[in-house]
Structures are given as C-alpha cells and as structure tokens.
Amino acid sequence: MSSLLVRNARIVPVRAADRGTDRAPDAPVDVLVEHGRVTAVGPRLSAPTTAYDEHREVDAAGRWVAPGLWDQHVHLAQWTLTSARLDLTGARSPEQATALVAERVREYPELPVIGWGHRSAGWDREVTVSELDAVTGDTPVVLISGDAHHAWLNTTALLHLALPVRDSVVREAEWFRAYARLSSLIGDDGTSPEAYRRTLDHAAALGIVGLVDYEFSGGAAEWAERWSHGCDLLRLRMSTYAEGLDDVIAMGLRTGDPLPGCDDRATMGPLKIISDGSLNTRTAWCCEPYGDAHRLEYPAGQPNLSGEELRELLARAHAHGLEVATHAIGDAACAEALEAYAVTGARGSIEHAQMVNRADVRRMAELGIRASVQPAHLLDDRDLTEKIWGQRSARCFAYRWMLDDGVELALGSDAPVSPLDPWLAMAAAVHRSADEREAWHGEQALTPQEVLAASVDGQPTVGAGSRGDLVLLDRDPLAPSDSPAAAAAQLRTMPVAATYVAGREVHSTL
C-alpha cells in the first residue's frame, strides 16, 4: 500500500458553505492520503508512522486542490480511434465531404477511409451512396456522423459489413449493430491496450480520475485484458447494452462490483439503453414535429423501443442489481423514460436530457433520477436547434431548471461527439456560447462552483474520509470573474499540475 502527503495546498470548496470554514480554510493546509482515502487535512501534518510500500510527499506551493474530475459519458474506443480518422467536422455540404474523401483515397488508395464528425442536418439535401461511390471506387468508406447516430457508407463498405445495399445512410439501431463489426474492416490496432493507455494518460493530464465507458462493443473480459496491460491508470465504470445483459447477469455482476480480473477501481456500471435518436439525425423523439418535418419519414422522430420493451429492460436490470442509463434526447423520450423508472422502481440516469418539459424535470427530481448531461453539445447544436426546434430551444440544456428543482447533475462529454475535456464541458455550462454571441438562453447557465460540483462524481470538498482522488491546479477554478464569459475562459484554460487516483500519482508537471 502507498500513502501521499500533499503539503501547502489551498482547498477548493465544492460547496459554497464550505468556504472559509475548517472544511476549506483560507490558508494553505496539508492533505494526507492513506489506503486510497484522505485521512487528515490540516496545517503541518506529520508524515504517517505506518510503514508503506511507497510514501510520497509533494509540495503544492500554494496550488489549489480539488476532488478529481470524472467524465460520466464516454465511448472510449471511439474516442481512442478518432485521432486516426478523417476529420469531417468542417464539411458544410455533401460536395465538401466527398472532396475530402476523394483526397484521402488518392493519398492512401489501399486503406479504408473512416471519417468522423460531419453534421448533415445543416446541409440542404440528403446524401446518396452513389455519389460516394463515384469518388471512392473499391476503397471501403465509412463516414460517421458527428452525433454517432448514422453513417454514410459506400457500396464496398456496405457489402463488407454485411449490410443491405441501399442509396441512403444507415441509421440508429442498424448502424449501432454494424459499428461493432467495424474492426473487421480496419483491424483493432487503434484500440490496443497501448492506444487506450495513451487516451487515459491524456485524460489524467486534464485532471480526470474516472470515466464511465459506454462503448458499444467489448465487455468485462476485454477490460480485464486491458487492465493487465497497463490500462489500470484511472477509475472506470463499464456499461453494458441489452445485447450483453445476459452475460453480465450470468457473471453475477451488479453495479459497483469490481470487474473480474481488475481491482476495485474498475467496476460494473449501468445497463445503457438508447431509447431514441439524436437531433442531427432528426430521430430524437419529440412531443411536436420538427421544423422541417416535411423532409422526414417520422415528423416528430421516434422511439427505438416500445414503452413495454423499455419497462421490461429496466425491470430486468433492476431485479439483478444494475442501475440503468437511459439515453433520451427528445422531450417525449424523456417523459417515457421517467414513466418507465417510476413503474419499475429502477435507479439510474437520463443520459443527455437535451430537450425537457419543466414537469418532467420535477418528476426526475421526485424519482431521484440523475441527469447525466454533456454541456459542450450546446455549442455545436445551438444553430441547428433554433432551426428545427424553434422556440423549444428555451427548454434545451435546461441545467438551471434541473439544479433549482433538485435534480442531481453529472457532467460528461459523450466523446467523441464532443472532446473528452471536463473543462470545456464546465465552461459551456457557465457561458453557453462558443463565439462572440451572447449566451444562448443564459437563464439556464450555471456558476463555476455548480459545474465543479457536477464534475467530481458526487465527492465533497476534500476532507477526512473523502476519496484520495485529487487534482492539483495552478489557478483557483472559482476565482471571481467579471462575467460568465470570463469565468468560462478561465475554466477552458485551467492548468493541471498533478492528478492522483487513490493517492497514486497518474500525472504530474511538478
């Protein structure tokens, strides 16, 4: 076992009431971590007398110490692969996208092309497989939309992934199933333990101590393999989807149990259910039609499961000790998910909760269901939301409602849909703008202290008994600012000096 003694650190108050008290005094103090937990906080602490395999002392030199950060919604394999993909985030039309693809095919004619990031909802027409075929020949091409809910494939890729040939994109459940077969096209070098470790190192450098992994493929056996090959850096919660639920139940895994082959830092997470689609793909299930409903097969989007199917999944997971994370982006999907939680007694979260009715926010609080949200999405979705949801945008990313009504907030990224960067997420929730424009529905903005509290996995201000998961910062994340824009700018550029998980150093610039 190891111990850690951080000297001369200023405690960041997670709650406003802690500031200036013994919990978060104004003067620097020492923080002692033993057996993975903070055991003492105070001035001039003595080094532990117990013999440890390793004892580390660090002089924080007046830096600020806070609970380590979590990203509560990551698709880790997809994020790890993103750096090797063709970036299509700047494509403003099908023609621009196909031009970028044609250039990549000319440069590397023998390699499949995997693109990421285009947002076709802002384009003026639907795309076709035939126009992609025209510039790609026999090279397999898979272009994954920025919301990850559909993909534009050429005919060669459709055939390789055993998908029916068509002249349109592959959407929702059909695409999610096909994604699991993508390694047959590109191999798995991009998701080797070494590649995962690079991703985890990057996360640690941002002050992240834990991730909730919602990857579509994989399972406990794969995580045990990675864990034994150097991916035991951060805390991890592994989710499962309906397809893997039988295996999880057969293994007797309940939410919070250590994964077989790992230690107690890697645990079973929730059952993940994708109950509706997305804004960009126009499949999020809404109470009212989209603004461009004349273009859509389903004018108000649609659910991916019937109410009965949703309740059956929640009930089964709950009966076997699993929490449930229910993806619900549209307001109709959110209402249906909450009804399913109420009927079954299941516990867990609404993932995204992008457009909500106030009554459903209050019901979320009454049921004790978390809102697991990704504020950086509002930076990308602002203009499209105004275009196709109109006045309903006032009910989008409604974080102030959620906090005021007593809903527990948990922040994440949904990487690779948004970057795996907790400081970007916090800044987006504080300022609600990515450019010179005024805050988008600034009445829903949060304070730096509120977003920090929503980013630390429910941990209190660092004190005796709290986890030994710490981040040392070169600046005060709660320093007074002239405006939300200035506060957000401070958060986006926050320098991280060191990160510790259970008292073990996982990143340091000291």
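Just so it is clear, the model here is predicted, and its values are computed rather than measured.
Between the side chain of R265 and the backbone N or O of D232, at least one donor-acceptor pair lies under 3.5 Å. A donor-acceptor contact shorter than 3.5 Å is absent between the side chain of T326 and the backbone of A337. The main-chain N or O of P303 is never found under 3.5 Å from a side-chain atom of D276 such that the two would form a donor-acceptor pair. Side chain of S239 to main chain of D213: a donor-acceptor pair is present (N/O by atom type, distance under 3.5 Å, no hydrogens or angles). In this structure, S393 contributes its side chain and W389 its backbone to no donor-acceptor pair below 3.5 Å. In this structure, R400 contributes its side chain and A445 its backbone to a donor-acceptor pair below 3.5 Å.
Side-chain contact check for H73 and E351: at least one donor-acceptor pair (N or O, by modelled atom type) lies under 3.5 Å. Defined by atom type and a distance below 3.5 Å, a donor-acceptor pair is present between the side-chain atoms of T80 and T199. In summary, the side chains of E194 and S192 do present a donor paired with an acceptor at a separation below 3.5 Å, with no hydrogens or angles considered. Using modelled atom types, one finds a donor on one side chain and an acceptor on the other under 3.5 Å when comparing Q72 with D457. Donor-acceptor pairing under 3.5 Å is lacking for the side chains of T344 and H318. For the residue pair N280 and S278, no side-chain donor N or O sits within less than 3.5 Å of a side-chain acceptor on the partner. Side-chain atoms of E386 and W440 include a donor-acceptor pair closer than 3.5 Å.
The aromatic rings of W123 and H118 lie parallel to each other, with less than 30° between the two planes, well short of the 60° mark. Between Y214 and H75, the ring-plane angle classifies as tilted under the 30° and 60° cut-offs. Relative ring orientation between H149 and H327 is described as tilted, the plane-to-plane angle lying within the 30° to 60° band.
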Determine, step by step, whether C231 and W223 satisfy the side chain to side chain contact (heavy atoms under 4.5 Å, CB included) criterion, reporting the C-alpha distance in whole Å, the side-chain angles of both residues, the deciding distance to 0.1 Å, and the verdict. CA-CA 9 Å; C231 292; W223 261 111; 4.2 Å; yes
Checking side-chain hydrogen bond (donor to acceptor under 3.5 Å, both in side chains) for the pair E172/T283: CA distance, chi angles, key distance, verdict? CA-CA 8 Å; E172 297 299 338; T283 46; 2.3 Å; yes
Verdict with supporting geometry, R282 and I388, side chain to side chain contact (heavy atoms under 4.5 Å, CB included): CA-CA 9 Å; R282 289 176 175 78; I388 62 179; 3.7 Å; yes
Check the pair E297 / R171 against salt bridge (charged side-chain N to carboxylate O under 4.0 Å, His left out), numbers first and verdict last. CA-CA 13 Å; E297 181 180 2; R171 302 176 188 273; over 6 Å; no
Run the numbers on Q374 and H352 for side chain to side chain contact (heavy atoms under 4.5 Å, CB included), then give the verdict. CA-CA 6 Å; Q374 301 77 42; H352 310 304; 2.5 Å; yes
Does M402 form a side chain to side chain contact (heavy atoms under 4.5 Å, CB included) with R370? I'd like the steps, not just the answer. CA-CA 10 Å; M402 293 174 184; R370 290 187 308 279; over 6 Å; no
One pair to check against salt bridge (charged side-chain N to carboxylate O under 4.0 Å, His left out): D246 and R316. What are the steps and the verdict? CA-CA 10 Å; D246 286 344; R316 188 160 181 245; 2.6 Å; yes
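Partner of L234 under the side-chain contact (heavy atoms from CB on, under 4.5 Å) criterion, chosen from D469, T499, L200: L200. Among T281, V142, V169, the one residue that satisfies the side-chain contact (heavy atoms from CB on, under 4.5 Å) test with W175 is V142.
Contact check on R166 versus E174 returns a salt bridge, with a Lys/Arg side-chain nitrogen under 4.0 Å from an Asp/Glu carboxylate oxygen. Between E339 and R363 there is a salt bridge, with a side-chain nitrogen of the basic residue lying less than 4.0 Å from a carboxylate oxygen of the acidic one. In summary, R295 and E126 engage in a salt bridge, as defined by a charged side-chain N under 4.0 Å from a carboxylate O. A salt bridge links D201 with R197: the distance from a Lys NZ or Arg NE/NH1/NH2 to an Asp or Glu carboxylate oxygen falls below 4.0 Å. Using a 4.0 Å cut-off between charged side-chain N and carboxylate O, R119 and D383 make no salt bridge.
Taking each heavy atom of G330 and C286 in turn, the nearest pair found is CA-SG, 4.5 Å. Closest heavy-atom contact between Y341 and L367: CB-CD1, 4.4 Å. Here the closest heavy-atom approach between residue P419 and residue S413 is recorded as O-CB, 3.2 Å. Residues S433 and L378 come closest through the heavy atom pair N-CD1, 4.5 Å. Residues G412 and A425 approach most closely at O-CB, 4.0 Å, considering heavy atoms. Here the closest non-hydrogen pair linking F176 and A148 is CE2-O, 3.4 Å.
For the atom pair CG (L236) and CH2 (W227), the distance works out to 6.5 Å, reported to the nearest 0.5 Å. Note that CG of D331 and CE of M355 are 3.5 Å apart. Values are rounded to the nearest 0.5 Å. In this structure, the separation between CG on D138 and CG on N154 is 9.0 Å, given to the nearest 0.5 Å. In this structure, the separation between OG on S418 and CG on D381 is 8.0 Å, given to the nearest 0.5 Å. The distance from atom CG of D71 to atom CD1 of I208, rounded to the nearest 0.5 Å, is 5.5 Å. The SG atom of C287 sits 7.0 Å away from the CZ atom of R395 when rounded to the nearest 0.5 Å.
You'll find the side chain of M268 reaches within 4.5 Å of the side chain of M238, heavy atoms only. The shortest distance between side-chain heavy atoms of V373 and L411 falls below 4.5 Å. L384 is listed as a side-chain neighbour of L279, based on a closest heavy-atom distance under 4.5 Å. Using a 4.5 Å heavy-atom cutoff, the side chains of Y399 and R432 are in contact. Contact of the T240 side chain with the D247 side chain is not registered, since no non-hydrogen atoms from C-beta on lie closer than 4.5 Å. A 4.5 Å side-chain heavy-atom check between T156 and P112 finds every atom pair outside the cut-off.
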